[in-house]
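Before any comments, here is the structure.
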Amino acid sequence: MQNLENCPKCGKLFVKGIRTVCNDCHKEVEKMFETVYQFIRRRENRAATMEEVVEATGVSEQQISRFIREGRLQLAQFPNITYPCDSCGKRIREGRICSSCQSNLGKDLKQTTEVEKVSERNRREQEERARKASTYHSLGDRFDEN
């Protein structure tokens, strides 16, 4: 079902369906894409850096990075275009984060998993101690007074 929403770019009311922005803003984004694409596909501009593309087209680095992340621009033919890592800002050519941040995330994830395992083991041990402490044994009829 389609919903009425305000465009996050311009604030106009629109019916949100496939697109997340109004039709006017979508056309503006498409125009920016065409401008960037027409610039970098020219042979003399294929070696341009991100800064050169921004300066020549007037399209923000953030918007160009969005085109790359969406898969609309393939960097294989443009060796000098890089964009910032989402985590640290280091310049990268693929993915959302650099290899250093990926490694750090992996280490953090592993450490968190280990901490959770130790916490679970401690919880089980506490439950077992509590269960044993609440158990009592009756001597019953073993010691008859004869």
Side-chain angles (χ1 to χ4, degrees), residues 1-140:
M1 184 168 178
Q2 297 174 339
N3 298 324
L4 280 179
E5 290 196 21
N6 287 45
C7 176
K9 291 188 113 188
C10 69
K12 286 198 309 191
L13 198 60
F14 76 107
V15 177
K16 184 176 181 179
I18 296 172
R19 296 187 186 122
T20 58
V21 295
C22 71
N23 200 37
D24 292 339
C25 289
H26 176 73
K27 287 178 183 176
E28 183 181 324
V29 169
E30 289 304 306
K31 185 177 177 184
M32 286 188 271
F33 174 77
E34 278 302 315
T35 301
V36 170
Y37 185 72
Q38 292 301 324
F39 176 78
I40 61 175
R41 75 175 244 199
R42 279 186 242 130
R43 184 171 300 205
E44 64 270 14
N45 297 332
R46 288 189 183 159
T49 63
M50 177 68 87
E51 293 76 20
E52 292 170 338
V53 174
V54 169
E55 187 177 315
T57 62
V59 177
S60 72
E61 181 176 343
Q62 183 181 15
Q63 185 62 54
I64 296 170
S65 295
R66 194 171 297 127
F67 293 146
I68 295 167
R69 287 187 177 111
E70 290 171 353
R72 297 182 72 186
L73 292 177
Q74 302 295 319
L75 295 185
Q77 298 173 348
F78 313 111
N80 297 323
I81 295 181
T82 58
Y83 55 94
C85 165
D86 282 353
S87 182
C88 69
K90 179 181 173 184
R91 306 302 287 182
I92 58 175
R93 289 191 43 80
E94 61 184 38
R96 296 189 66 98
I97 58 175
C98 66
S99 57
S100 176
C101 290
Q102 279 180 332
S103 176
N104 289 340
L105 280 173
K107 289 176 188 174
D108 290 348
L109 182 60
K110 185 176 181 179
Q111 183 179 15
T112 300
T113 303
E114 291 300 319
V115 167
E116 288 174 355
K117 284 179 184 178
V118 168
S119 295
E120 180 63 22
R121 186 173 49 234
N122 289 341
R123 185 188 62 76
R124 284 189 198 137
E125 288 172 359
Q126 277 184 324
E127 287 176 357
E128 183 64 23
R129 274 188 246 125
R131 187 184 61 75
K132 285 181 180 179
S134 67
T135 303
Y136 68 93
H137 300 282
S138 171
L139 296 176

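Predicted, not measured: the structure shown is a model, and the values here were computed from it.
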Can you tell if the side chain of V54 reaches within under 4.5 Å of the side chain of T49, non-hydrogen atoms only? no
Just how far is it from atom CZ of F39 to atom CZ of R46, taken to the nearest 0.5 Å? 12.0 Å
To the nearest 0.5 Å, tell me how far Q38 CD sits from T57 OG1. 12.0 Å
Results of salt bridge (charged side-chain N to carboxylate O under 4.0 Å, His left out) for K90 - residues two or more places apart only: none
Just by modelled atom types, is the L75 backbone N or O under 3.5 Å from a matching donor or acceptor in the R93 side chain? yes
Here the pair of heavy atoms bringing F78 nearest to I40 is CE2-O, 3.1 Å
Salt bridge (charged side-chain N to carboxylate O under 4.0 Å, His left out) for R123 and E127? Distances and angles first, verdict last. CA-CA 6 Å; R123 185 188 62 76; E127 287 176 357; 2.3 Å; yes
Determine whether S65 and M50 make a side-chain contact, defined as any pair of heavy atoms from C-beta on separated by less than 4.5 Å. yes
E30 side chain near T35 side chain, heavy-atom distance below 4.5 Å: no
Nearest 0.5 Å please: distance from the CD1 atom of I81 over to the CD atom of Q74. 12.0 Å
Using a 4.5 Å cut-off on heavy atoms from C-beta on, say whether the side chain of V29 contacts that of V21. no
From CA spacing to verdict: side-chain contact (heavy atoms from CB on, under 4.5 Å), K16, T20: CA-CA 6 Å; K16 184 176 181 179; T20 58; 4.0 Å; yes
Scanning both residues in full, the closest heavy-atom pair of I92 with C98 reads CG2-CB, 3.6 Å
A48 and N80 have their tightest heavy-atom pair at O-CB, 3.5 Å
Once side-chain hydrogen bond (donor to acceptor under 3.5 Å, both in side chains) is applied, what residue pairs with a partner in residues 95-117 remain, sequence neighbours excluded? D86-R96
side-chain contact (heavy atoms from CB on, under 4.5 Å) evaluation trace for N6 with K12: CA-CA 5 Å; N6 287 45; K12 286 198 309 191; over 6 Å; no
N-O pairing of R66 and E70 below 4.0 Å: no
Just wondering, more than 12 heavy atoms not from E61 lying within 6.0 Å of its CD? yes
For Y83 and R69, run side-chain contact (heavy atoms from CB on, under 4.5 Å): C-alpha distance rounded to whole Å, both residues' side-chain angles, the deciding distance at 0.1 Å, then the answer. CA-CA 10 Å; Y83 55 94; R69 287 187 177 111; 3.4 Å; yes
With side-chain contact (heavy atoms from CB on, under 4.5 Å) as the test, would you mind laying out the steps for F14 and L4 before giving the verdict? CA-CA 6 Å; F14 76 107; L4 280 179; over 6 Å; no
Any idea which heavy atoms bring C88 and C85 closest together, and the distance? N-SG, 3.5 Å
NZ of K9: more than 12 outside heavy atoms within 6.0 angstrom? yes
Looking only at the side chains, is there a donor atom on one of R41 and N45 sitting less than 3.5 Å from an acceptor on the other? no
Taking the six-membered ring of F33 as reference, does the cationic atom of R72 (NZ for Lys, CZ for Arg) lie under 6.0 Å from its centre and within 45° of its axis? yes
What distance separates E28 CD from N23 CG, expressed to the nearest 0.5 Å? 12.0 Å
Enclosure of E55 CD (heavy-atom neighbours >12, cutoff 6.0 Å): no
OG of S87 to CG of L105, rounded to nearest 0.5 Å, is 6.5 Å
Are K31 and E34 close enough for a salt bridge, meaning some N to O gap below 4.0 Å? no
Closest heavy-atom pair, A47 versus E52, reported as atoms and distance to 0.1 Å, is O-OE1, 4.2 Å
